[in-house]
Each structure stands twice: as structure tokens, then as C-alpha cells.
Amino acid sequence: QSSVTLSGVIDAGFEKRFSGDPFKMTPNRNGTSNWTLSGTEDLGGGLKANFSISTSFNSDDGTTAGNVLGNNGMFVGLTGGFGTVRMGRPVNTLYGNALLANGTKGVSFYDANAVLGGNATASAKVGGASSSVFVSNAIQYHSPRFGGVQVQVEYAPREVKGSGTADGFGLAVRYDEGPLALSFVNYKGADSNADGVKQKAVNQLAAAYDFGVARVLFTWRDQGGLPSNRDNSYALGVTAPVGPGSLYASYNVNEQPGTDGRTLIAGYKYNLSKRTQMYVNVANRNKAWLGGVPLPASNPGTMPNKSTTGFGFGLQHSF
Amino acid sequence: QSSVTLSGVIDAGFEKRFSGDPFKMTPNRNGTSNWTLSGTEDLGGGLKANFSISTSFNSDDGTTAGNVLGNNGMFVGLTGGFGTVRMGRPVNTLYGNALLANGTKGVSFYDANAVLGGNATASAKVGGASSSVFVSNAIQYHSPRFGGVQVQVEYAPREVKGSGTADGFGLAVRYDEGPLALSFVNYKGADSNADGVKQKAVNQLAAAYDFGVARVLFTWRDQGGLPSNRDNSYALGVTAPVGPGSLYASYNVNEQPGTDGRTLIAGYKYNLSKRTQMYVNVANRNKAWLGGVPLPASNPGTMPNKSTTGFGFGLQHSF
Amino acid sequence: QSSVTLSGVIDAGFEKRFSGDPFKMTPNRNGTSNWTLSGTEDLGGGLKANFSISTSFNSDDGTTAGNVLGNNGMFVGLTGGFGTVRMGRPVNTLYGNALLANGTKGVSFYDANAVLGGNATASAKVGGASSSVFVSNAIQYHSPRFGGVQVQVEYAPREVKGSGTADGFGLAVRYDEGPLALSFVNYKGADSNADGVKQKAVNQLAAAYDFGVARVLFTWRDQGGLPSNRDNSYALGVTAPVGPGSLYASYNVNEQPGTDGRTLIAGYKYNLSKRTQMYVNVANRNKAWLGGVPLPASNPGTMPNKSTTGFGFGLQHSF
């Protein structure tokens with residue numbers, strides 16, 4: 001019997017941003033191109049071992065994000081009546097419990113999660129979370145569901161002693177039953193910002209309701225530990241089944257000085273099958289409060305202070 | 001049902017070049033060691049989604065060519081009555097329509113494609129083609145076959161605006177029916193050479209005929225945009241079934257100053273099965289016209305002006 | 001029919017070393033996390049082609065040891081009445097014939113093989129062996145077994161001419177029948193040490209006996225070519241089935257100046273199934289003879305002259 005499942009996604013498309021970039025091929029606009037090994041073993045007595053090793057790649061030029069294997073989510077763990085324990089580099093507690101319309105993808109640098117977490121700087125990331133989606137060196141406990149309620153605990157101890165380092169702790173409570181989803185997360189970790197705060201706490205509240213014709217999603221995050229009260233970010237989104245596909249739109253705001261801004265995003269995914277989608281999307285980003293938002297040096301083009309728009313289309317296939 | 005196929009090649013052997021190198025293990029002498037994920041999904045109505053993600057590796061020391069996944073050819077696309085569309089990093093239009101006897105492999109740096117394209121410099125490469133075999137950031141259209149004729153169009157837009165960059169365009173017409181194969185390719189792209197020419201056009205004509213006892217192959221390439229008329233390269237090859245295997249030989253010439261030279265190559269592949277081959281090959285390289293051809297600094301040994309010979313043997317297994 | 005098998009290991013756990021490190025997640029404490037492609041093809045007449053391509057990764061943060069594929073063992077080869085020939089990066093002759101209790105893994109830097117080979121320096125490694133477990137650019141011959149006796153020959157020619165380089169040669173004779181295992185290895189290669197010795201010979205003798213209640217293992221290695229007589233290393237180990245798992249312990253000594261030291265290691269592996277284990281282990285390392293043993297700069301914490309202890313636990317799953 002086979003003990004391993006091989007799966008993945010390949011997504012390629014084209015994009016134009018009116019901020020100085022040419023029209024060009026861009027990978028992973030709707031989903032993250034990846035290949036994944038996963039499996040489950042029945043250990044008897046209701047106990048199961050399970051694992052997943054997912055690695056992302058760039059579908060336009062055949063490169064990866066460094067020397068990686070398992071960067072796109074990885075764990076080995078046990079599941080039983082007590083719940084689930086996972087060790088490795090799982091989805092972090094903040095992102096895993098956010099409720100975003102087409103979260104991490106879309107027109108490059110306009111996606112909801114990047115805005116929520118603070119695009120282009122590490123200031124909004126928490127200790128042990130080497131990206132805004134996954135957390136390395138972490139052990140997670142997911143409780144069983146009691147009447148739709150599930151508790152999640154995360155511990156990501158630091159690797160090195162010294163100033164600027166701290167263990168990461170996450171606690172999430174989630175209700176998910178019928179049309180309603182609610183979640184609260186408290187996350188403590190090292191602040192990689194230069195503001196002298198060593199341990200910061202992030203609180204996140206998220207809610208979604210499925211009205212049938214559309215699902216409305218909201219996530220609000222309080223980036224604690226900043227010397228200003230302007231330390232919140234939030235995302236309001238909607239997804240709706242329309243014809244043989246789904247429409248989505250979101251309004252995402254980050255108040256934090258240095259990474260502040262807001263984006264408007266909308267897109268349509270056309271299902272060629274359950275596994276294959278064509279999509280179009282458009283986004284507008286506005287620098288609302290303070291100085292310019294610099295894009296990463298590795299990214300061609302710059303993000304001017306004024307409103308700028310991008311759009312694109314592509315094809316995503318899951319295998 | 002399985003939706004993904006896992007396949008690949010592993011090829012390892014030994015080689016001796018009489019240009020200062022020791023006798024040593026060399027990877028990928030007959031085929032490129034790689035592992036490949038691929039699949040096809042029937043979308044109904046004659047439409048299919050398909051993908052391939054192929055990654056090469058060095059079978060002698062367990063390394064890869066950088067942070068790569070899909071570097072050895074990658075695409076996601078659709079196939080239907082209209083033909084085939086592919087996006088990603090497919091085989092480029094020039095190499096895909098060249099007709100070479102054992103094209104890219106053999107005694108290191110003596111292979112036909114390297115000579116055709118201009119060994120050891122990027123001058124013969126075209127915009128968007130990051131190697132002489134594959135092209136990144138490309139979308140390709142392959143028409144259906146009409147009476148043996150197929151048309152291929154490639155567009156590889158540049159990633160960055162600025163001097164020295166240009167979009168890549170390829171157009172190929174190919175006839176392939178019975179014993180005869182004919183192809184013509186016109187390719188325009190950015191010239192990475194320092195000759196001040198921004199946009200260069202390459203024309204390639206190829207023909208092959210299968211006489212039964214042997215197949216004769218010819219590819220001729222005019223490297224346009226050079227300030228000299230000595231800008232052609234060509235390859236003449238023959239392959240013949242002999243016993244439980246096949247014999248091949250080729251004569252390959254590059255006239256371009258700086259990369260000029262000619263190689264004579266011959267080899268025999270012995271089939272242990274359809275999937276497993278043992279092989280031997282020998283090659284002679286001569287610096288025919290101008291100054292010395294330096295090999296890449298990363299490559300031990302140098303290529304003297306005079307004639308130099310190499311040979312080797314190995315084992316290739318496809319899985 | 002499938003021609004390729006996909007398998008592997010994922011192992012993650014936690015560790016505390018009392019040498020200045022925090023309690024932290026550490027990958028691969030009991031086994032090396034890896035994913036492996038392998039297969040066998042029947043060529044008829046008793047001949048088979050076989051291959052294996054194994055790549056390691058870090059299960060705690062989704063990284064690899066550089067640009068690697070096949071770094072954790074790789075070969076393509078043929079097996080028949082004559083024996084087995086393998087080309088690529090197989091397990092080296094020294095490690096493959098050592099008899100160690102839980103050889104290369106355990107509390108970081110305390111494992112038996114690292115001590116045996118000379119932790120933290122390359123002085124004990126042999127020409128062509130880029131690690132103390134695998135050897136690149138190698139061809140190996142394994143004879144058939146005659147009355148429990150098998151002969152293994154390894155040739156790993158150097159890649160570059162010049163001082164400090166030499167071909168690697170290995171010869172092993174092994175007896176393995178019933179409760180008794182015996183092996184002798186002679187290995188010659190380039191010495192990467194700065195002691196001016198170009199070609200060094202390493203002799204290794206190993207023996208193990210299975211008493212039923214426990215298996216006792218011993219490996220002794222004479223690191224030839226050193227200007228001192230203090231050039232030996234040895235490992236004494238025991239493994240015993242206890243309850244639904246196995247207990248192991250070892251005492252490992254390296255006399256070589258600069259890498260000298262000894263470790264005491266003990267651990268227990270609890271089998272949740274044939275494929276899944278939980279484990280705990282503890283180790284003490286003592287600097288016995290000369291000056292301090294510096295740990296690699298990349299490794300947090302330092303190894304003081306005095307005795308220091310570490311322990312840990314984890315979960316290993318094979319797929």
C-alpha cells in the first residue's frame with residue numbers, strides 16, 4: 001500500500017503594474033506553485049501519525065526561494081482523541097486563523113496578508129515566524145472540536161540566546177459551525193523592529209458569515225508594542241459564487257507608520273474543473289497616511305505615494 | 001485516480017579530456033539527470049490541462065545548478081482543438097526545432113548545441129532564454145498539425161525595463177511527416193553581447209531525412225546583428241541503428257569571432273533495455289579561426305588553440 | 001507498472017545542551033529527514049538496473065544543506081551474478097562498514113560517527129569523501145556473498161589536478177552471518193589537513209555480536225599519516241530490544257590532537273509502529289586530552305573543555 005501522496009499546484013500568469021514595471025510573466029498569482037509529500041499512518045487505537053512536506057517554486061523561471069525543502073509548510077505529528085500535535089514549520093497561528101478573501105496572492109504586493117502584516121518590512125512579523133504565513137521551529141497543539149470550538153496553542157522557542165530574541169507563543173480560539181466562523185488569536189514573540197521593544201503581543205480578531213449569495217470576511221489585528229496608537233491593521237473581504245466560478249473583493253488597511261497603506265482588490269476565478277482555474281484580478285494601492293512605502297530592492301519598479309493600480313490573469317492547476 | 005506522474009533520468013559516467021584534466025567522474029554525459037512531475041487532466045469538450053515540472057541535478061556529487069525547481073523545463077497549459085498553449089519555462093523555439101545528433105550532451109563542452117549556440121559565452125543566446133535549451137517567462141502557442149505542418153509562436157516579455165533588455169519573440173514553422181523533417185525559426189530578442197546591438201534576430205533552418213539505414217540531420221543558424229559576416233553556425237549529424245543500439249556522429253561549426261571553433265563527435269549507445277543504456281563517446285575540438293576559446297573559469301582545464309580530444313563512457317537509466 | 005518508489009523520513013524533536021544553548025527545536029535527531037526516489041528494472045538474464053536518489057532536509061525550518069539533490073546518497077548501477085556496480089555518491093566504504101550504535105544521529109555533535117571521524121574538522125575525512133557518510137564522484141563494486149563474506153572496492157578519482165588532491169581508494173572485506181559481523185576497511189585518499197601529508201591511509205576494524213538480549217558493536221579506526229601515535233578513534237556500543245522499542249548506548253573516543261574527545265551516549269526508541277518512533281536520548285561529551293574543541297562557527301554555543309551534557313526527544317516517521 002502506498003504510504004505517501006504526491007500533490008501540488010502550478011500557477012502561472014501575466015501582470016501589469018502601473019508603477020514603472022513592464023507587462024510580464026509573474027508566478028503564483030492565484031495560488032502558490034508547490035509540490036507536496038504527505039501521508040497518514042494508522043497506528044491503531046485511534047492514533048495516527050501524519051506528515052506534510054510542501055515546497056514552493058517559481059513557475060516562470062524554475063527557481064526557488066533559496067535552499068529550501070518544506071518552506072511552504074512542513075510538519076510531522078500525531079492525531080488522536082486528545083487532538084493533534086505538529087512539529088516543524090506549520091502555518092502560523094495568526095495567518096491560520098485570519099479570514100481573508102484570497103489571502104496571500106493576487107497582484108504582487110497588493111495581497112491582503114501582506115498589507116495586514118506590514119508589507120516590505122519585518123516589523124509586523126512575530127518571533128519564530130520567518131514569514132507571515134509559516135513559522136519555523138514550532139510545535140502546535142490543535143484540540144478536538146467541541147460544539148464547533150477548537151483551541152490552538154503554538155510554541156516556537158528561539159534558536160539563539162541574546163538580545164532581540166525571544167520565544168514565540170500563540171493561542172487561538174476558533175468557532176466554526178454552519179455559516180459562522182469566529183476566531184481570536186493572541187501572539188507573543190520577539191519584535192524584529194528597531195523600536196527597542198523586545199517582546200510584543202499581537203491580538204487578532206476575525207469573523208466570517210456565509211449568507212449563501214456571498215461570504216463576508218473580516219480580520220482585525222492590533223500590532224501591540226508600538227509607541228503609537230496607530231498600530232492596527234484590518235481586512236474586509238467578500239467572496240461570492242458567480243456562474244462557474246467565484247468573485248472576490250477586499251479592502252485592506254494597515255495603519256502602522258512605515259508600512260501604512262490600503263489596497264482595494266477584486267478578482268474572478270473561472271473553474272475549468274475542480275482542479276483547474278483561470279483567473280483575472282485587479283488591485284489598487286494607496287499610500288494613505290505617511291511617507292512612501294518602499295518596495296523590496298529585489299522588486300523592479302517602485303511604489304509611489306499616490307494611488308497605483310495593477311491587474312493580471314493566469315492559469316492555476318492542482319495535481 | 002493518480003493525477004501526477006513521477007519520472008526522470010539518472011546518468012553517470014567517466015570522462016577524460018586531454019586538455020589538462022584528470023580522468024574523472026562526470027554527470028549527465030548522455031542525458032540530463034532529472035526528476036520530473038507531469039500530468040494531464042481531461043476538462044471535457046476536448047480540452048485538457050497539462051503540466052510538467054522537470055529539475056536537473058548532478059549525479060556525481062548530489063548538487064543542483066543553484067536554487068532550482070523546474071529549471072529543466074516547466075509549463076502549465078491547455079490543449080484543445082485550437083492547439084496547445086504553455087506558460088512557464090519551456091524548451092525554447094530555437095533548440096526545440098534544431099535537428100542535432102545527440103544535441104546537448106557528450107564529452108563536456110564538445111556537444112553540438114553548445115557549439116551551435118556559442119560555447120562559453122552568452123553572445124548567442126536570445127532575450128529571455130537564460131540557457132540555450134530553455135526559455136524563462138515565456139508563453140508558447142503550438143498549432144495543431146495540418147498535413148504534417150505545425151506552427152509555433154513564442155513570446156517571452158522582459159522582466160525589467162532598461163537598456164539591454166527587450167522582449168523575446170520566436171516563430172517556427174515545422175514539417176514532420178514520414179522520413180522528412182524540416183523547420184525554420186526566426187527569433188528576436190535582446191542581445192546580451194557588448195556590441196551595442198539591442199535587438200538581434202536569429203534565423204535557423206534545419207532538415208533531417210531518415211534513409212532507414214541512417215538518419216541525416218542538418219541545422220544552420222545565422223546569428224544576426226553581428227558586425228561581421230562570420231556569424232553563422234551549423235551542425236551536420238547522422239544517427240544509425242547498429243546492433244542493439246545506435247551510432248551517432250556529428251560535425252559542428254561556429255564561425256562567430258570569440259566563440260568560433262568546430263567539433264567532431266561520435267558515439268555509440270548500447271540498449272540494455274528501452275529504459276537503460278550504456279554508452280561510449282569521443283570528441284575532438286579544434287580552434288579553427290581566431291584566438292583561444294576560454295572555458296568557463298569554473299571548469300578545470302583549459303581549451304588550447306590546437307586540436308584537443310576527449311572521450312568517455314557511462315550508464316543512463318530512465319525511470 | 002510503476003518504475004519508481006517514493007519514500008523518505010521526517011524527524012523532528014527538541015534538544016537542550018548545557019553549553020550555552022537555549023532549549024530548542026532540532027531536526028533529524030534520530031534519523032536524517034529525507035525524500036528518496038529509487039527503483040529497480042529487470043533487464044533479463046539475471047541483470048538488473050537500479051538507482052537511488054536521496055535528498056536530506058531540515059525538518060524544523062524548511063531548508064537544505066545548500067543546492068542539493070541526491071546529497072543523502074545517490075547511485076545508478078547494475079546488479080547481476082558478478083555482483084553490484086554503483087556510480088555516483090554512495091555511502092562511503094568506511095562508514096558503510098562501521099558498526100555503530102545509532103551512528104550519525106543523536107544529541108547534536110555528540111554522535112558516534114562525528115567523534116570517530118573527528119568532529120568539527122575535515123582532518124579525518126578522506127579524499128573524495130565530502131562528508132563522513134557519503135563519497136562523491138565514486139564508483140563502487142560490491143561482490144556477491146560467498147559464505148557470508150563480501151568484498152567492496154571503491155574508486156573516487158579526484159576532479160582537479162594539483163597539490164592537496166589525490167584519488168580515493170577503498171577496500172572492505174566483510175563477514176556477516178548469524179549473530180556475528182566483522183569488517184576490515186583500508187582507505188587511501190588526500191589528506192585535507194595542513195600537516196603536509198598528501199596521501200593518507202585509514203584502517204578500520206569493526207565487529208559486532210548479537211547475544212539475543214543485546215547486540216554489542218565495536219569499531220576501531222587508525223587515522224594514518226599523522227605525526228603522532230595518538231591517531232586512533234574507536235566506538236563501543238550496545239543495542240538491546242526492551243519492551244516495544246530498543247535501548248542503545250555507546251562510548252566513543254577520538255585521540256587525534258585537535259579533535260580529541262570522548263562521548264557517552266544513551267537513548268531509547270519507542271516503536272509506535274514499524275514506521276513511526278518516539279525517542280529520547282542523552283549524551284555527555286568530555287574534552288579529554290588537549291586544548292578546547294571549537295564547534296563550527298555556524299553552531300550556537302561553544303564546547304567548553306570540561307564535561308558538558310545534552311538531552312532531547314522527538315518523533316520520527318518513515319514513509
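Values in this document were obtained by computation on a predicted structure and should not be read as measured data.
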Proximity breakdown for [X] and chain C, heavy-atom pairs closer than 4.5 Å:
| X | answer |
| --- | --- |
| Leu37(A) | side chain |
| Ile53(A) | side chain |
| Tyr155(A) | side chain |
| Ala65(A) | neither |
| Met87(A) | both |

What residue in Asn58(C), Thr55(C), Leu6(C), Thr26(C) has the most heavy-atom pairs under 4.5 Å with chain A?
-> Leu6(C)
Nearest heavy atoms of [X] and [Y], plus distance in Å:
| X | Y | value |
| --- | --- | --- |
| His317(C) | Ala49(A) | ND1-CB, 3.9 Å |
| Arg158(A) | Lys24(C) | O-CB, 3.7 Å |
| Ala138(A) | Met25(C) | O-CE, 3.2 Å |

Can you confirm whether [X] sits close enough to [Y] that some side-chain heavy atom of one is under 4.5 Å from a side-chain heavy atom of the other?
| X | Y | value |
| --- | --- | --- |
| Val68(A) | Thr64(C) | no |
| Asp61(C) | Asn71(A) | no |
| Pro22(C) | Glu159(A) | no |
| Phe319(C) | Glu41(A) | no |

Determine whether more than 12 heavy atoms belonging to other residues, nucleotides or ligands lie under 6.0 Å from atom OH of Tyr141(A).
-> yes
Answer yes or no: does atom NZ of Lys16(C) have more than 12 heavy-atom neighbours from other residues, nucleotides or ligands under 6.0 Å?
-> yes
Nearest 0.5 Å, please: how far is [atom2] in [Y] from [atom1] in [X]?
| X | Y | atom1 | atom2 | result |
| --- | --- | --- | --- | --- |
| Asn137(A) | Asp60(C) | CG | CG | 4.5 Å |
| Phe23(C) | Asp167(A) | CZ | CG | 9.5 Å |
| Ser59(C) | Phe51(A) | OG | CZ | 12.5 Å |
| Leu47(A) | Leu272(C) | CG | CG | 6.5 Å |

Might you work through the side-chain contact (heavy atoms from CB on, under 4.5 Å) test for Val4(A) and Trp35(C), ending with a clear yes or no?
-> CA-CA 11 Å; Val4(A) 55; Trp35(C) 70 281; over 6 Å; no
